[in-house]
Amino acid sequence: MGYVGAGEFVPESHDLASLASAARSCRGCDLYRDADQTVFGAGSVGSTIMFVGEQPGDQEDRAGEPFVGPAGKLFDRALDAAGIDRELTYVTNAVKHFKFTRAAGRKRRIHDKPKHTEVVACRPWLLAELDAVSPRIVVCLGATAAQALLGPDFRVTQHRGERFNLASDGDVGSGHDEDVLATVHPSSILRGPRDRREEAFDAFVADLTAVRDLVVDR
Ligand code: URA
Ligand code: SF4
């Protein structure tokens, strides 16, 4: 199904405060209907690293902040281990509303993966955030974010850690030339087999450390 998309809700002025405020009333796809609120990106203009997750989860939807739940806690630990100060980065999601299902009669909300049409509908926000933040590198956490920027055929398993450029490799139209790379989503480490968790975490930290080395001025 086609959605009108976020485009017509994005204000002319791409400063972060205007964007975040306008995004609160976005009706670009149907996901605003069941979620509590829009979860916009957090961080500041001029952040050298912009992280892009998939969509807010249950706790993010309640708090209105990205990556504050279990995946966010793991992300925080990995950033720490890689020597990256989260305060100096910008953290957002490909999709700004929490998509979930409920098992019949249950209260618990279960994460439901956004469709590519929803990712595309929400993308004007992500591109406007790119304009506002102007990061040196965009780090996609998982396939949804990577496919939002690099196209639906992109596979993290094949291209993990590789550098791409939005002007030559992107799937976002003209006007963007940011460098992008993809790594795994922190949730994939939490969901993975317990006996492989430490190894998966270390590999994630290694990817983040390589990102830090890219942006550190020597
Ligand atoms: N997973 C995401 O992709 N983003 C969040 O903000 C939280 C969990
Ligand atoms: Fe708008 Fe994105 Fe929310 Fe859809 S998910 S209503 S496009 S902010």
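Worth knowing before you read on, the calculation uses all heavy atoms, side chains too, and leaves out hydrogens, waters and symmetry mates. Every number for a ligand or one of its atoms is a count from 1 in the order of the listing. When a residue number appears, it is its place in the shown sequence, counting from 1.
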Quick one: do D36 and R62 make a salt bridge, cutoff under 4.0 Å?
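Salt bridge: no.
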Between D179 and R136, does any side-chain N to carboxylate O distance fall below 4.0 Å?
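Here D179 does not pair with R136 in a salt bridge, since their nearest N and O are not under 4.0 Å apart.
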Test ring pair (Phe, Tyr, Trp, His ring centres under 6.0 Å) on F154 and F164; report intermediate values, then the result.
CA-CA 11 Å; F154 186 89; F164 294 92; 5.5 Å; yes
Quick check with a 6.0 Å cut-off and a 45 degree axis cone: is R27 positioned over the face of F9's six-membered ring?
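Not flagged: R27 not positioned over aromatic ring of F9.
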When only distance counts, is G57 in polar contact with ligand 1, meaning an N/O pair under 3.5 Å?
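No, G57 has no N/O under 3.5 Å of an N/O on ligand 1.
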Return a yes/no value for S187: is any of its N or O atoms, backbone included, closer than 3.5 angstrom to an N or O of ligand 1?
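N/O-N/O distance below 3.5 Å does not exist for this pair.
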Heavy atoms of other groups near R102 CZ, more than 12 under 6.0 Å
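Count over threshold, so yes.
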Just wondering, more than 12 heavy atoms not from R24 lying within 6.0 Å of its CZ?
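No, the 6.0 Å shell around CZ holds no more than 12 heavy atoms from other groups.
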By number and element, which atoms of ligand 1 are closer than 4.0 Å to a non-hydrogen atom of E54?
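This gives 2 (C), 3 (O) as the contact atoms.
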Ligand 1 atoms in contact with G53 (distance to a heavy atom under 4.0 Å):
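Every atom of ligand 1 under 4.0 Å from some heavy atom of G53: 3 (O).
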Considering non-hydrogen atoms only, spot the tightest contact between V133 and M50 and give its length.
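Scanning both residues completely, I find the closest heavy atoms to be CB-SD, 4.4 Å.
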Residue from Q37, R109, H97 passing side-chain hydrogen bond (donor to acceptor under 3.5 Å, both in side chains) with D61:
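Among the candidates, only R109 passes.
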Test side-chain hydrogen bond (donor to acceptor under 3.5 Å, both in side chains) applied to Q55 and K99, H111, K96, the passing residue
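Between Q55 and the candidates, side-chain hydrogen bond (donor to acceptor under 3.5 Å, both in side chains) is satisfied uniquely by H111.
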What's the shortest distance from atom 2 (C) of ligand 1 to any protein heavy atom, and which residue and atom give it?
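Minimum-distance protein heavy atom for atom 2 (C) of ligand 1 reads Q55 O, 3.0 Å.
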Counting non-hydrogen protein atoms only, what is the nearest one to atom 4 (N) of ligand 1? Give residue, atom name and distance.
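Looking only at protein heavy atoms, the one closest to atom 4 (N) of ligand 1 is N93 OD1, 2.7 Å.
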Determine, using ring centers only, whether H116 and Y3 are less than 6.0 Å apart.
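For Y3 and H116, the ring centres are not under 6.0 Å apart.
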Strictly under 2.8 Å, how many protein N, O or S atoms lie near atom 4 (Fe) of ligand 2? Waters don't count.
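Those protein atoms number 1 in total.
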Please list, in number order, the atoms of ligand 2 under 4.0 Å from a heavy atom of W125.
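Close to W125: 8 (S).
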Counting only heavy atoms, which portion of H185 has something under 4.0 Å from ligand 1: side chain, backbone, both, or neither?
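Looking at H185 and ligand 1, just side chain atoms fall under 4.0 Å.
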